[in-house]
Amino acid sequence: MPDQIYIQPLTFVPGPQAVEGQAVRLAGGMVYAREFAVMLRRDGEVIERHVVTPSMIDEVLAGMPEDAGIEGERQWSNLRMAHTALELGSRTIRLDMPQVMGILNVTPDSFSDGGEFMDDPQAMQSQAAAMHEAGAAIIDIGGESTRPGAKDVWEGEEIKRVQPAIEHCVGMGAAVSVDTRRPAVMEAALGAGAHIINDVSALRYDPRSMEFAASSGAPVILMHAPGSGDSLHADADYGNVVFDVFDFLREARDRAIEAGIAREKIVLDPGIGFGKSLTDNLALLNALPLFHALGQPLLLGASRKRFIGALSNEAPAQKRLGGSLSIAQMGMDAGVQLLRVHDVAETVQARNVWRGLRDAALTDFAMLEA
């Protein structure tokens, strides 16, 4: 196995003025990193680790083995790559600041809101309107639960669940993603007006999915999950969960590009909670800035998940708002572009305050220099 290199942002500053320009704007967003860990991995072990500032990076990469150095230069460029927007037909979702994606499950068995919006069209429409009005940039509609142990759903039933919800949300002017693993559902959803394919199997569940996604021209969200068959949570055997998820997402990105999906239409998701222990989830969350080195916008979906309950005296899903907001802020601090959440209004408010603080920090330093 060839040597692998990883560049992880370590320390952050309010803006480049604070450190005389020795900071990098991550992914064109509102987060600035000053120090970076450059790690060389061989046979599963990190054999070199350097902590550098931007002025030192070229020298360190020049001293790496040739292939690792080339990949390191690519990752360094990716960290600074600006992701300005997702173009969704006539809609534009800006990615220079965090955006909130609201979850709308039309399922009987999702872990948090199963059954709540499936059999009551009025409740579904009210929930969709509330999320849209609260500031959700995208509404993510799913017709199959992907929690551990959930039963498979026939694609015809899944279409029956999601199509009316998609049509309603599109009709009220919302941008919509469809959370599905099945190409027939993807096709029906896009036909109903959905804009984005959100596949928790990273287009691996059905061999036809990749070809359809490429031909559709729609943006795709590719998520890490260790299982490749019916159980996405199976086969969770990690040497190092952070590096393994990074490598998986790099391969998923490259497969999608090779299949004909435009790079600017690929979003990556580390898959918090999917085949991962509490320790795994925490390690990934603490390493979120590393994933900008893949050069794609990032989605974080951790709202109300089991690990929050495990850290909160086993609080049930509906009582995990505080923990969910804490993780959302962590995602924003890491430069994540999309936050997939149940509690839209509260997360949008947290995002707005976070953005105000960021804007003020840049302004304050500019005034001090004047």
Side-chain angles (χ1 to χ4, degrees), residues 101 103-114 117-118 138-166 176-236 245 248-249 251-261 265-276 296 299-303 305 338 340:
M101 172 188 283
I103 299 168
L104 183 61
N105 288 318
V106 281
T107 62
D109 54 352
S110 289
F111 80 94
S112 177
D113 52 7
F117 308 116
M118 178 180 166
I138 302 167
I139 296 178
D140 188 49
I141 298 174
E144 178 192 36
S145 173
T146 50
R147 65 176 175 78
K151 295 181 179 179
D152 284 348
V153 177
W154 174 56
E155 63 185 21
E157 176 62 25
E158 191 178 348
I159 291 170
K160 181 181 175 182
R161 293 175 182 179
V162 302
Q163 198 163 17
I166 292 169
V176 173
S177 59
V178 60
D179 181 358
T180 185
R181 299 180 286 170
R182 296 178 173 83
V185 182
M186 297 174 190
E187 184 174 12
L190 295 182
H195 307 92
I196 305 170
I197 296 168
N198 180 11
D199 186 349
V200 292
S201 76
L203 299 174
R204 296 177 303 141
Y205 178 74
D206 189 311
R208 299 169 297 171
S209 295
M210 186 72 77
E211 181 180 358
F212 173 78
S215 64
S216 75
V220 298
I221 301 169
L222 307 177
M223 193 196 80
H224 172 272
S228 58
D230 290 335
S231 176
L232 295 167
H233 302 267
D235 306 320
V245 171
F248 173 100
L249 291 176
E251 292 168 5
R253 175 202 67 192
D254 292 347
R255 284 196 308 271
I257 293 171
E258 185 178 355
I261 298 175
K265 294 186 176 182
I266 299 171
V267 177
L268 300 177
D269 175 356
I272 300 298
F274 280 78
K276 299 173 182 75
Q296 305 303 135
L299 181 146
L300 176 61
S303 174
K305 288 203 169 175
L338 296 172
R340 183 178 181 271

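Predicted model, so just to flag it, every value in this text is computed and none were measured.
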Going by the rule side chain to side chain contact (heavy atoms under 4.5 Å, CB included), which residues pair with A259 if we only count those two or more places apart in sequence or in a different chain?
M210
Side-chain donor-acceptor pairs under 3.5 Å in residues 265-275, sequence neighbours left out?
from: K265; atom 1: NZ; to: G217; atom 2: O; distance (Å): 2.6
from: D269; atom 1: OD1; to: G271; atom 2: N; distance (Å): 2.8

Using salt bridge (charged side-chain N to carboxylate O under 4.0 Å, His left out) as the criterion, list what pairs up with R255, not counting sequence neighbours.
none
Just by modelled atom types, is the R208 backbone N or O under 3.5 Å from a matching donor or acceptor in the D206 side chain?
yes
Determine the minimum heavy-atom distance between A189 and I166, stating which atoms define it.
CB-CD1, 3.5 Å
With sequence neighbours left out, the residues meeting ring-ring contact (aromatic ring centres under 6.0 Å, His included) with H224 are F248
Interatomic spacing from OG in S177 to CD1 in I139 - rounded to 0.5 Å
9.0 Å
So CD1 of I261 and CG of L222: to nearest 0.5 Å the spacing works out to 6.5 Å
Residues at least two apart in sequence or cross-chain that pass side-chain hydrogen bond (donor to acceptor under 3.5 Å, both in side chains) with E158, listed by chain then number, are T180, R182
Measure the CD1-CG distance between I196 and L338 for me, rounded to the nearest 0.5 Å.
7.5 Å
Between V176 and L104, is any pair of side-chain heavy atoms under 4.5 Å apart?
no
Taking C-beta and beyond as the side chain, do L249 and Q296 meet within less than 4.5 Å on heavy atoms?
no
Using the test salt bridge (charged side-chain N to carboxylate O under 4.0 Å, His left out), find all partners of D199 that sit at least two apart in sequence or belong to another chain.
none
Rounded to the nearest 0.5 Å, what separation is found between the CG atom of D140 and the CG atom of D179?
5.0 Å
Evaluation steps, side-chain contact (heavy atoms from CB on, under 4.5 Å), between I221 and R340
CA-CA 12 Å; I221 301 169; R340 183 178 181 271; over 6 Å; no
Say you draw a straight line from OG of S215 to CD of E187; how long is it, rounded to the nearest 0.5 Å?
8.0 Å
What closest approach, in Å, do I159 and P164 show between heavy atoms, and which atom pair accounts for it?
O-CD, 4.3 Å
Between I141 and V178, is any pair of side-chain heavy atoms under 4.5 Å apart?
no
At their closest point, which heavy atom of A214 faces which heavy atom of G260, and how far apart are they?
CB-C, 4.1 Å
Does K276 reach the side chain of V245, with side-chain heavy atoms less than 4.5 Å apart?
yes
Spacing of CD1 belonging to I103 relative to CD1 belonging to I138, to within rounding of 0.5 Å
12.5 Å
Is there a side-chain contact between R181 and L232 in this structure, where contact means two heavy atoms from C-beta onward sitting under 4.5 Å apart?
yes
Do any N or O atoms from the side chain of R204 and from the backbone of G227 form a donor-acceptor pair under 3.5 angstrom?
yes
For the residue pair S216 and L190, what are the closest heavy atoms and their distance?
CB-CD1, 3.6 Å
Heavy atoms of T107 and G143 approach each other most closely as CG2-C, 3.3 Å
